[in-house]
Amino acid sequence: MSISHIIGMPRIGENREIKFAIESFWNKKYNENDLKYIFNKICLKNWNLQSYYNISYITVGDFCLYDHVLNMLTILGAIPTRFNFNTKNINYKKYFQMARGNKNNKPMEMTKWFNTNYHYLVPEWTKNIKFKNGKYNWLLNNIRKAKSIYKNIKVTIIGPLTLLYLGKKKGNLKNKLFLLKKIINGYKILLLKIKKEGINIIQIEEPILTLKLKKEWLIAFKKVYKEFKKININILLVTYFEELKNYNLIKKLPIYGIHIDIINNNFKNIGKFLNIWSNKKIISIGIINGRNIWKTNIIKKILKLKKLSIKYKNNLWISSSCSFLHIPLNLKNEFLIDNEIKKWLSFAKQKIKEIKYISDFLKNNIKLSNKYIYKNLISINNKKKSFKNKNKLVEKEFKIIKKKKYNRFSSFKNRKKKQFKKYNLPIFPTTLIGSFPQTKEIRNLRFLFKNKKINYLNYLNKIRNEIKLNINLQEKLNLDVLVHGEPERNDMVEYFGEQLWGFEFTSNGWVQSYGTRCVKPPIIYGDIYRPNSITKNISKFSQSLTLKPVKGMLTGPITMIKWSFTRNDQKIKYTAIQMSIALKKEVYDLKKNGIKIIQIDEPAFKEGLPIKKRERKKYLKIAVKCFKISCGNIEDEIQIHTHMCYSKFNNILKYISKMNADVITIETSRSNMNILNNFKKFKYSNDIGPGIYDIHSPKIPNIIDIVKLIKKTYKVINYKKIWINPDCGLKTRNWKETIESLKNMVIACKIIRKNLLK
Ligand code: MET
Ligand SMILES: [Zn+2]
């Protein structure tokens, strides 16, 4: 026998209903009730799906409107004190203000959820924070609704220690664990309320248990779960993303069961844990990959589970490795994917079905000869035999590239001299990160072209017009290094992937990135090859419109890989090098066509960093190598930029510096330029563009604030190294916000130049 469950579902709805509903709320077309209606509808759909496949426990509490961390804070009453909100009176309007900022307050900081591309809002731990008077009903009402329909329900929440750990100390709070007592009490109030609803299983997610924790945190774990034991509710402690650690601690915790992500552990390692894990307790095995979109080899998994099933019997639970938040919902909505490749895939809905069949088999309800299992085996074998994923041309290129070093020809100092003279750049050169607002009209234009409703020439003309407007605007604003604005790009990864071999695309495979922002990660199924130049024509055209330099704009190898679903039949390292070779050809093409400044965006560079410390060096070395393959050996006059956002660079500056980009533009404004201290400590030698305003918020930065921020930058870093730019592309902003913000940015920059030159 075995019990089946999942950790969590995607939250955006089959057609991104949630995104559109929230945006309508922001535009005042929807009220709070309209939003609640959509909220309930999506929850119901998700629950029904689990019930349809006979999943033993339906998971409730995984749904939220913007971010599950902010939700947890709101439910507990532990929202940032600086907003001055009464925790009892939080409504959706205030909830979104915390995420997006309001007149008086900056938005909460956003950062990546472990090694995923999902961003959570960072809790703010001040000394006087309370875990009291929360919006308990946000969760309790949801539970009531589910209870009225389904019998077996499991409620999920983020664990107190993970919540504490992921937050940021503010004010004079010295140690996050000073808040331990308060947070325990806050959670106990919540747990009691959940129990009162008749719930007896609660899933508490503590992914930090896979990290190497300091002793004080391990002690805290003991304290917390000892206290929770008093509530007398069954706790399934959930870990994911990495190898389980802290075996002895976990063994001693008074919990009902533990969930292990078996995709990122292997059975051998976990064997040691299972030796000490009693069969009187629940062991939940996350055997279906919640992070990729490949069909599971059902028979292989069944064979792996058989032994466990004998030991744990009813106490063996079958699940996904982590929440399905990180993959699209339903493969059935895909009509354009190549038919052969489609048979290799499995999205959230299909993965729930896989869980069902594995658990049915373990319950002896079906045999290995079952039709579904047989069909699964056929597709797994067909993929292995297919010719689709191999390309001889790539193999050849790969061999040549392997041996070389790819260093720039001379030192940064020399390069800089040549570049600044040639492009006549002032101090504090101003630039943009790449994209301009993606208006409805632009989206519609691309849509019409994609669906063959307008011909290529017509489309091209309109795109060129857009670029002209963008260049004119930047000249008028008096920016120094221009961008073309990326109107032809839907998404920075998709755009390149579409023109490369080895990539496949979904039409509806959306995944939440943060809030209402969703991405459609491409699927890398085969060897990557660039058959034709990708950006040459547009870059050449853009440069022809102005005497100022216009940056060629490419997406870097690591980002291309990290923001795609990658192959499960080849090491990621090889895929990344294949991608770098394709980009290298692109860089040469740009250079040949008169493009002098080339930006290679690597916003996913930091995110690729493995959670496991011992694997980091290897990753960083490959990531640097890939960047250098793409643009390393190129003439001194060509100025290479890179851009990274949301990154805390603390430990990886050494490697960023090895990339040897002439300029790096980064996100710094949300953290008030604090990140720059690390660049100073490290003595980073190349140029830096610390983003001087936050493009993720609709707030227009005022001149005085920008001036202050710029002043902060050159207190830390030699002014000659500093570039002035927003902290990321402007595609999520509207034109009005964009123009006003940029005007202020340029004025502030001029004030600074004047002051400094005096
Ligand atoms: C997430 S980083 C985005 C970089 C890209 N060039 C843009 O401006 O949109
Ligand atoms: Zn960015």
Side-chain angles (χ1 to χ4, degrees), residues 109-112 116-119 430-439 442-443 446 466-467 470 473-474 479 481-497 511 513-515 517-521 534-535 538-539 542 550-564 583 586 590 595 597-608 627 630-631 640-649 656 661 663-671 675 688-697 723 725-734 737-738 741-742 745:
E109 247 184 78
M110 207 161 45
T111 198
K112 288 193 168 151
T116 72
N117 188 23
Y118 175 80
H119 307 68
T430 50
T431 191
L432 301 179
I433 306 304
S435 54
F436 267 128
Q438 293 263 331
T439 54
I442 283 290
R443 279 179 220 279
R446 282 195 310 259
E466 194 68 21
I467 294 175
N470 292 344
L473 172 70
Q474 293 170 86
L479 288 155
V481 172
L482 314 191
V483 296
H484 76 283
E486 305 176 22
E488 77 289 11
R489 301 180 193 185
N490 182 21
D491 172 275
M492 61 191 287
V493 171
E494 185 176 345
Y495 176 73
F496 286 90
V511 177
S513 167
Y514 67 86
R517 179 143 173 78
C518 303
V519 291
K520 230 176 352 150
I534 301 172
T535 60
I538 278 193
S539 277
S542 312
V550 181
K551 291 193 263 192
M553 194 59 69
L554 308 177
T555 303
I558 297 300
T559 304
M560 286 297 295
I561 305 287
K562 239 347 248 187
W563 289 357
S564 301
L583 281 170
E586 191 65 17
L590 288 178
I595 306 302
I597 304 188
I598 300 172
Q599 177 169 314
I600 302 189
D601 289 322
E602 276 293 30
F605 190 91
K606 170 82 191 278
E607 169 194 325
F627 189 82
S630 332
C631 60
I640 300 289
H641 289 218
T642 188
H643 162 70
M644 299 181 185
C645 30
Y646 306 131
S647 299
K648 291 185 195 114
F649 299 96
I656 298 216
V663 183
I664 181 170
T665 54
I666 54 175
E667 189 266 355
T668 33
S669 61
R670 276 201 185 199
S671 67
I675 287 170
I688 309 171
I692 48 85
Y693 79 88
D694 173 17
I695 63 88
H696 303 95
S697 156
W723 287 61
N725 46 265
D727 68 357
C728 192
L730 299 159
K731 68 166 152 230
T732 53
R733 300 272 58 91
N734 66 34
E737 291 157 355
T738 297
S741 303
L742 292 181
M745 181 180 98

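Ligands are counted one by one from 1 in listed order, and the atoms in each one are counted from 1 as well.
Side-chain contact between H696 and D727 is present, with heavy atoms from C-beta onward closer than 4.5 Å. K562 has its side chain out of reach of N117: every pair of non-hydrogen atoms, C-beta onward, lies at least 4.5 Å apart. For the pair M745 and L479, the minimum side-chain heavy-atom distance is below 4.5 Å. Between P690 and I675 the shortest side-chain heavy-atom distance does not fall below 4.5 Å.
Nearest protein heavy-atom contact of atom 5 (C) of ligand 1 is D601 OD2, 3.4 Å.
In the vicinity of G729, heavy-atom distances shorter than 4.0 Å reach the ligand 1 atoms 7 (C), 8 (O), 9 (O). Atom numbering of ligand 1 starts at 1 in the shown order; those under 4.0 Å from a heavy atom of C728 are 1 (C), 2 (S), 3 (C). Interface atoms of ligand 1 facing P603, defined by a heavy-atom separation under 4.0 Å, are 1 (C), 2 (S). Close approach to H643 involves these atoms of ligand 1, each under 4.0 Å from a residue heavy atom: 2 (S), 4 (C). The contact set between ligand 1 and M553, taken as ligand atoms under 4.0 Å from a residue heavy atom, comprises 6 (N). Each of the following atoms of ligand 1 lies closer than 4.0 Å to a heavy atom of C645: 1 (C), 2 (S).
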* To do: Any chance you could lay out the side-chain contact (heavy atoms from CB on, under 4.5 Å) test for K606 and M644, step after step, and finish with the verdict?
  => CA-CA 8 Å; K606 170 82 191 278; M644 299 181 185; over 6 Å; no

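Between I433 and ligand 1, at least one N/O pair is under 3.5 Å apart.
Here the protein contributes H643 NE2, C645 SG, C728 SG as N, O or S atoms under 2.8 Å from the Zn ion (ligand 2).
Heavy atoms from both the backbone and the side chain of S435 come within less than 4.0 Å of ligand 1.
The residue among E486, Q438, E602, M492 with a heavy atom at the shortest distance from atom 3 (C) of ligand 1 is M492.
When each of I433, T559, I558 is tested with P603 by the rule side-chain contact (heavy atoms from CB on, under 4.5 Å), just one qualifies, namely T559.
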